[in-house]
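Structure, as structure tokens:
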Amino acid sequence: QVQLVESGGGLVQAGGSLRLSCAGSGRSFSSYIMAWFRQAPGKEREFVAAIRGSGGTTYYAESVKGRFTISRDNAKNAVYLQMNSLRSEDTAVYYCASKGGSLYYSSKNAYDYWGQGTQVTVSS
């Protein structure tokens, strides 16, 4: 069982930055692929970024590549999402998710555990 709690959301102006954090509990945190998803009102939940257990390999959606950075600290059971150059279209609830195994997927259906989400609002 893995419990995930996100924090760090808020209101920011376009062009600004935010750093989201996700605190995980449970054993073997470092073995999980961790990811961030987001869901805007009236839209499907979409993949944002993922990182392998070792932290050495990362994956990004095209819409955030070059602006967002995912990282993790396994000693703290934490994963982060640094978001720079924010745009109004980044406004959404951001969710942290985890999956076991070694295969990476961007589909939300592949992830086993989810946090409650944190709201990010970017004003233009």
Nearest heavy-atom approach of Cys96 to Met34 is SG-CE, 3.6 Å
With a 4.5 Å cut-off on side-chain heavy atoms, are Tyr95 and Leu4 touching?
no
Nearest heavy-atom neighbours spanning Asn77 and Ser25
ND2-CA, 4.4 Å
To the nearest 0.5 Å, what is the distance between OG1 on Thr58 and CZ on Arg72?
12.0 Å
Heavy atoms only: give me the nearest Arg38-Ala92 pair and the separation to one decimal.
CB-CB, 3.8 Å
Do Trp36 and Cys22 make a side-chain contact, defined as non-hydrogen atoms from C-beta onward lying under 4.5 Å apart?
yes
Of all heavy-atom pairs linking Ile70 and Ala35, the shortest is CD1-CA, 4.5 Å
Restricting to salt bridge (charged side-chain N to carboxylate O under 4.0 Å, His left out), what partner residues turn up for Lys43, sequence neighbours left out?
none
What do you reckon, is CD of Gln3 surrounded by more than 12 foreign heavy atoms closer than 6.0 Å?
no
Should the pair Arg19 and Tyr80 be classed as cation-pi, given the thresholds of under 6.0 Å to the six-membered ring centre and 45° from the axis?
yes
Could you check whether any side-chain N or O of Asn74 sits under 3.5 Å from a backbone N or O of Gly53, counting only pairs where one atom can act as donor and the other as acceptor?
yes
Rounded distance (nearest 0.5 Å) linking atom CZ of Phe47 with atom CD of Glu62
10.5 Å
With sequence neighbours excluded, give me every ring pair (Phe, Tyr, Trp, His ring centres under 6.0 Å) pair touching residues 105-124.
Phe37-Tyr111, Phe37-Trp114
Exercise: identify the closest heavy-atom pair between Leu81 and Ala49
CD1-CB, 4.3 Å
Same hydrophobic cluster for Leu20 and Ile33, using side-chain heavy-atom links shorter than 4.5 Å among ILVMFWY?
no
Backbone N/O of Thr57 and side chain of Arg52: donor-acceptor pair under 3.5 Å:
no
To the nearest 0.5 Å, atom CD of Gln39 lies from atom OH of Tyr94 at 12.0 Å
Is a side-chain N or O of Glu6 found less than 3.5 angstrom from the main chain of Gln116, in a donor-acceptor match?
yes
Verify, without hydrogens or angle tests, whether Thr91 (side chain) and Val122 (backbone) share a donor-acceptor contact under 3.5 angstrom.
yes
Just so I know, are the side chains of Asp90 and Met83 near enough to count as touching, which here means a heavy-atom distance under 4.5 Å?
no
Interatomic spacing from CG in Leu86 to OG in Ser123 - rounded to 0.5 Å
10.0 Å
Which pair of heavy atoms, one from Ser63 and one from Arg87, lies closest together, and at what distance?
O-NH1, 4.0 Å
